[in-house]
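This report refers to the structure that appears directly beneath it.
To find a chain, count down the sequence lines: A is the first, B the second, and so on, and within it residues start at 1. Please read all numbers here as calculations on a predicted model, not as lab measurements.
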Amino acid sequence: MYFTTYRQIEAAILECTGEETADLGEGGEHADFATPIAFSLAKKQRKAPAAIAAGLAEALGARLAGAGIAVEAAGPYINFHVNDEYVKSAVAAALEPGFGRLPERGERVILEHTSANPNGPLHVGHIRNSIIGDTLARAFRKAGYPLEVQYYVNDMGRQIAIVSWGFDHNPLPAEEGEKPDHHIARVYVAANRAIEADGTITEEVDRLMQQIEAGDPETGRKFREVVSRCLDGFKLTMKHLNVAHDRFVWESDFVRNGDMERVIAKIERLPEARHDGTLSLDLTACGFEKDYVIRRSDGTSVYAARDLAYHTWKSRNFDRAIDVLGADHKLIGSQLQCTLRLLGEKAPEIVIFEFVSLPEGSMSTRAGTFVSADELIAEVTNKAFAEVSERRPELSGEERKGIARAVALAAIRYDIVRVSPEKSTVFNWEEALDFERQSGPYIQYSHARACSILEKAGAFEYAFAFSDPHEIALAKQIARFPATIDRVVSELRPHLLAVYARELADLFNSFYRYVPVLKSEGETRLSRLTLVAAAQKTLKDALETLGIDAIRTM
RNA sequence: GGGCCUGUGGCUUAGCCAGGACAUAGCGCCGGGCUUCUAACCCGGACGCCGGGGGUUCGAAUCCCUCCAGGCCCGCCA
C-alpha cells in the first residue's frame with residue numbers, strides 16, 4: 001500500500017511538472033507525503049514558490065482524486081493526505097500471509113560475516129559483525145533474494161601457528177566446563193607472553209608457517225584440530241545469539257585445491273604486476289601508494305592471495321557478494337576490491353562497522369583484554385531471569401528460563417543493531433542490561449501485550465472501521481514495513497529496521513493505553529481486534545527479521 | 001606525515017549519501033498515571049548557537065573548504 005501510493009503520487013508529480021525527480025518524502029506531522037518541489041521550480045519559472053505550489057496542488061489534486069489522495073498547498077509545500085481506504089488496505093495487507101516479503105528475485109547473493117580468527121572466543125566487538133551480518137541476511141531473505149551465508153575460516157594465520165606452538169610447548173589444562181575457544185585464548189595469551197620473553201620462539205612459529213604452506217600433513221592436522229575446536233566454541237556462542245551460517249569455508253582449502261596458485265598466476269600476467277623479489281601489484285590506479293604484496297620473496301603466500309582466491313570463487317558462483325568487515329579492514333578491503341576488478345572479477349560490496357571498545361581502552365585477544373560474548377550472554381540472561389521472576393512469580397522455573405533467554409537475546413541483538421555501523425561505540429554494562437524503552441525487550445513486550453489481547457478475545461471476524469488517531473497512526477506505520485525491508489537491503493543498513501520496529505512498538509503502546517479493545521463493542525471492537533492482529537503480526541515479523549524471538553508472554 | 005569514519009541537550013542516539021516547514025527518540029532530572037486488555041508501559045515539563053570558523057544556496061545538522069577533538073588504518077601480519 002505504501003509503495004503503491006508513493007509511486008502514484010510520484011508519477012503524478014513527474015507528469016505535472018516535467019521534472020526528473022519528484023522530491024517526494026514523508027510529510028511528518030504535516031501530511032502523509034510532501035514535496036518541496038515548488039522551490040526548485042520557482043527558480044526556473046521565476047515565480048513565487050507559494051504560487052507555484054498552489055497551482056500544482058490543484059492539478060495534482062484533480063489527478064489524484066480518483067486514487068483517494070487529497071492534495072493541498074501549504075505555503076510553498078505540497079502536502080498529500082491518504083484517506084480511510086488507505087488505512088483499511090494497509091491493515092488488510094498486513095494480515096495477508098507473507099506481508100513484508102518482497103517479490104522473489106533471481107540475483108544470487110553471498111554474504112560473509114563474522115569470520116573472526118579462531119584464536120580465542122568471540123568478544124563484544126566480533127558479535128557486532130555477527131549481528132549486523134545476520135540481520136542483513138534475514139532482511140535479504142525477506143526481500144526475496146536467494147542467499148548463502150558463509151564464515152571464512154582463517155586457519156593459516158600466524159595466530160594459529162602461535163596457538164599450535166602453545167599446545168605443543170605450554171598446554172595449560174582446560175578448566176572444568178571451560179569452552180574450547182576460551183581455553184585456546186588462554187593458551188594463546190600464554191604463548192604470546194612466552195614469545196615476548198624469548199625471541200627464539202618466533203623462529204619456531206615461522207617454521208610452522210612454512211610447514212603449513214608446504215602442505216606438511218602433521219602441521220596441517222594440528223592446525224585443523226585447534227581451529228575446529230575453537231570453531232565449535234564459536235558455533236555455540238552464535239547459536240545462543242540466533243546467528244547462523246550456511247557454510248564454513250576454510251582458507252587452506254584454496255591452497256590445497258590450487259585456486260590460490262591459479263589466481264597468483266593470473267596476477268603475474270597483469271600489467272600492474274611487479275616482480276622485484278616479491279610478487280606485488282601497483283594499485284596507484286585505485287589511489288593506493290604502496291604496492292600490494294601477493295607473494296613473499298621466500299615464495300610463500302600472504303593472506304591476501306588466499307582471500308583473492310576465495311573472492312574469485314564468490315565472483316564466479318554468485319551474482320553479488322557482500323562482506324561485513326570491521327573498520328580495521330577498510331584499507332585491505334578496498335585493495336581486495338581493486339585487485340578483483342583488475343582481474344575482471346566481481347568485487348564484493350563491503351559493509352564496514354566501526355570498533356567497539358571498553359571504557360579502559362580497545363579490546364585485544366592477545367592481551368586478554370576483552371568482554372567475551374559468552375560472558376555477556378550469561379550476565380544478561382541472569383539479569384533477565386531475575387526480572388522475569390519478579391514480574392511473573394507464578395510461572396515455573398522452566399518457563400521463566402525460556403523467557404529470560406529470549407529477553408536476553410533481544411536485549412543484546414537490539415542494543416548492537418540499533419546503532420549506525422559507522423559509529424564507534426564503547427561497551428557499557430549498564431546499557432547492555434537495560435530492558436526499558438529503546439530496547440529489544442521493550443518491543444517484545446508490545447508484542448506480548450498484543451498477543452494477550454488476541455488470546456483473551458478468541459475467534460473474531462475481521463472488520464475495518466478506523467477513526468481514532470491512534471488507530472490510524474498505527475496502521476500507517478504497519479504499512480511502512482515492506483518499504484523498510486526494501487531500504488535495509490538496498491542501503492545495507494540493518495539499523496533502519498531496528499528504528500522501524502521501535503517506532504511501531506511506540507505507536508502500539510500509545511494505542512494500547514488510549515484505545516480500549518476488549519471493552520469496546522460491535523464493529524468497533526472487531527476493527528480494533530483486527531488492528532491488534534495486524535500489529536502483532538508485523539511486530540513479530542520485524543522482531544524475527546532482527547533475529548529476536550517474538551515471545552507471546554513475558 | 002597521509003587516508004577513512006565519527007562529533008547532535010548531562011549521557012546514549014535518529015536524521016546527513018539523494019539540502020526545505022518548529023532537529024528524532026531514549027536514559028537521567030521535575031511532575032502525573034496501576035480496583036480498567038501484562039506499569040519491561042503511558043502522559044506532561046525543563047534541558048540544543050546539530051564540535052569551532054568560513055563558504056555555496058531563496059533555504060544548511062545535511063553540500064564545499066578549513067581548524068579542533070576522538071576512533072581505525074597505512075607490514076614480505078592476518
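Phe288(A) comes within 4.0 angstrom of no nucleic acid atom, judged by non-hydrogen atoms across all strands. Counting any heavy atom pair closer than 4.0 Å across all strands shown, Thr553(A) reaches a base atom. Across all strands, Val302(A) comes closer than 4.0 Å only to sugar-phosphate atoms, never to a base (heavy-atom distances). Base engagement by Thr278(A) is indicated by at least one non-hydrogen atom pair under 4.0 Å involving a base atom. No contact: Val532(A) has no heavy atom under 4.0 Å from any strand. Base engagement by Phe435(A) is indicated by at least one non-hydrogen atom pair under 4.0 Å involving a base atom. Residue Ala34(A) is classed as a base contact, given a heavy-atom separation below 4.0 Å to a base. Across all strands shown, Val356(A) has no heavy atoms under 4.0 Å from either base or sugar-phosphate atoms. Counting any heavy atom pair closer than 4.0 Å across all strands shown, Arg493(A) reaches sugar-phosphate atoms only and no base atom. Using a 4.0 Å heavy-atom cutoff across all strands shown, Asp206(A) reaches no nucleic acid atom at all. If you check every strand for non-hydrogen atoms under 4.0 Å, Met156(A) touches nothing. Using a 4.0 Å heavy-atom distance criterion, Ile352(A) is classed as making no nucleic acid contact. Counting non-hydrogen atoms under 4.0 angstrom, Glu430(A) reaches nothing in the nucleic acid.
Of the side-chain N and O atoms in Lys423(A), one or more sit less than 4.0 angstrom from OP1 or OP2 of rG7(B). Between His329(A) and rC77(B) there is no side-chain polar atom (N or O) within less than 4.0 angstrom of OP1 or OP2. Residue Ser446(A) places no side-chain N or O under 4.0 Å from the OP1 or OP2 atom of rC41(B). Between Arg418(A) and the phosphate of rA25(B), there is no side-chain N or O to OP1/OP2 separation shorter than 4.0 Å. Side-chain N/O atoms of Arg437(A) include one lying less than 4.0 angstrom from OP1 or OP2 on rG26(B). Taking 4.0 angstrom as the limit, Arg487(A) places none of its side-chain polar atoms (N or O) nearer than this to OP1 or OP2 of rG15(B). Applying the 4.0 Å criterion to OP1 and OP2 of rC58(B), one finds that Lys43(A) has a side-chain N or O inside that range. The side chain of Ser420(A) contributes an N or O atom lying less than 4.0 Å from OP1 or OP2 of rG15(B).
Of the candidate nucleotides rA78(B), rA40(B), rC43(B), rA78(B) has the atom nearest to the side chain of Arg296(A). Of the candidates rG71(B), rA78(B), rG26(B), rG26(B) carries the atom nearest the Gln438(A) side chain, counting heavy atoms from C-beta on. Comparing rC5(B), rA40(B), rA14(B) against the side chain of Glu422(A) picks out rC5(B) as the nearest.
Here the P atom of nucleotide rA21(B) and the CZ atom of Phe39(A) are 9 Å apart, to the nearest Å. Nucleotide rG71(B) holds its P atom 19 Å from the CG atom of Leu331(A), rounded to whole Å. Between the P atom of rU24(B) and the CZ atom of Arg502(A) lies a distance of 12 Å, rounded to the nearest Å. Here the P atom of nucleotide rC76(B) and the CG atom of Asp291(A) are 10 Å apart, to the nearest Å. Taking atom CE on Met260(A) and atom P on rA78(B), their separation rounds to 11 Å, with Å as the unit. Tyr442(A) has its OH atom 8 Å from the P atom of rG26(B), to the nearest Å. A straight line from CG of Leu507(A) to P of rU24(B) spans 15 Å, rounded to a whole angstrom. Distance CG (Asp506(A)) to C1' (rG26(B)): 9 Å, rounded to an integer number of Å.
Atom P of rU35(B) sits at a distance of 39 Å from the matching atom of rA23(B), rounded to the whole Å. Taking atom C1' in both rG7(B) and rG15(B), the straight-line distance is 15 Å, to the nearest Å. One P atom belongs to rU66(B), the other to rU24(B), and the distance between them is 32 Å to the nearest Å. Rounded to the nearest Å, the gap between the C1' atom of rU62(B) and that of rU56(B) is 13 Å. Only the C1' atoms considered, rC11(B) is 34 Å distant from rG2(B), to the nearest whole Å. rC65(B) and rU6(B): their P atoms are spaced 14 Å apart (whole Å). Comparing the P positions of rC47(B) and rC34(B) gives a spacing of 28 Å, expressed to the nearest Å. With C1' as the reference atom, rU8(B) and rA61(B) are 7 Å apart, rounded to whole Å.
With both pairing distances under 3.5 Å, rG19(B) is matched to nothing as a Watson-Crick or G-U wobble pair. The partner of rC4(B) is rG71(B), judged by Watson-Crick or G-U wobble contacts that both fall below 3.5 Å. Summarising the base pairing, rA39(B) is matched to no nucleotide, lacking a Watson-Crick or G-U wobble pair whose two defining distances lie under 3.5 Å. A 3.5 Å limit on both hydrogen-bonding distances identifies no Watson-Crick or G-U partner for rA60(B).
Contact of Asp434(A) with rA40(B) (side chain to base): no donor-acceptor pair of N or O atoms is detected under 3.5 Å. A donor-acceptor contact under 3.5 Å is not formed by the side chain of Glu390(A) with the base of rA40(B). Put simply, the side chain of Ser510(A) and the base of rC42(B) share no donor and acceptor less than 3.5 Å apart.
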Check against side chain to side chain donor-acceptor pair (under 3.5 Å), Thr484(A) and Arg480(A): CA-CA 6 Å; Thr484(A) 303; Arg480(A) 293 186 185 102; over 6 Å; no
Tyr152(A) vs Tyr310(A), ring pair (Phe, Tyr, Trp, His ring centres under 6.0 Å): CA-CA, chis, key distance, verdict: CA-CA 9 Å; Tyr152(A) 184 52; Tyr310(A) 178 36; 4.3 Å; yes
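Because its NZ or CZ atom is both nearer than 6.0 Å to the ring centre of Tyr512(A) and within 45° of the ring axis, Arg449(A) counts as a cation-pi partner of that residue. Under a cutoff of 6.0 Å and an axis angle of 45°, Arg224(A) and Trp250(A) form a cation-pi pair. For the pair Lys401(A) and Phe385(A), the cation-pi test (distance below 6.0 Å, angle within 45°) is failed.
Under a 3.5 Å cut-off, the side chain of Asp434(A) and the backbone N or O of Glu430(A) do not form any donor-acceptor pair. Judged by distance alone, the side chain of Asn129(A) and the main-chain N or O of Val324(A) form a donor-acceptor pair under 3.5 Å. At least one donor-acceptor pair under 3.5 Å links the side chain of Asn428(A) to the backbone N or O of Glu431(A).
Among Arg437(A), Gln477(A), Gln438(A), the single residue meeting the side-chain hydrogen bond (donor to acceptor under 3.5 Å, both in side chains) criterion with Asp506(A) is Arg437(A).
Ring geometry for Phe427(A) against Trp429(A) counts as perpendicular: the plane angle is over 60°, on a 0 to 90° scale with 30° as the lower cut.
With RNA chain B read from its 5' end, the first of the two nearest nucleotides for Lys330(A) and Asp155(A) is the one closest to Lys330(A). Two residues, Ala448(A) and Glu431(A), neighbour RNA chain B, and the one matched to the more 5' nucleotide by heavy-atom proximity is Glu431(A).
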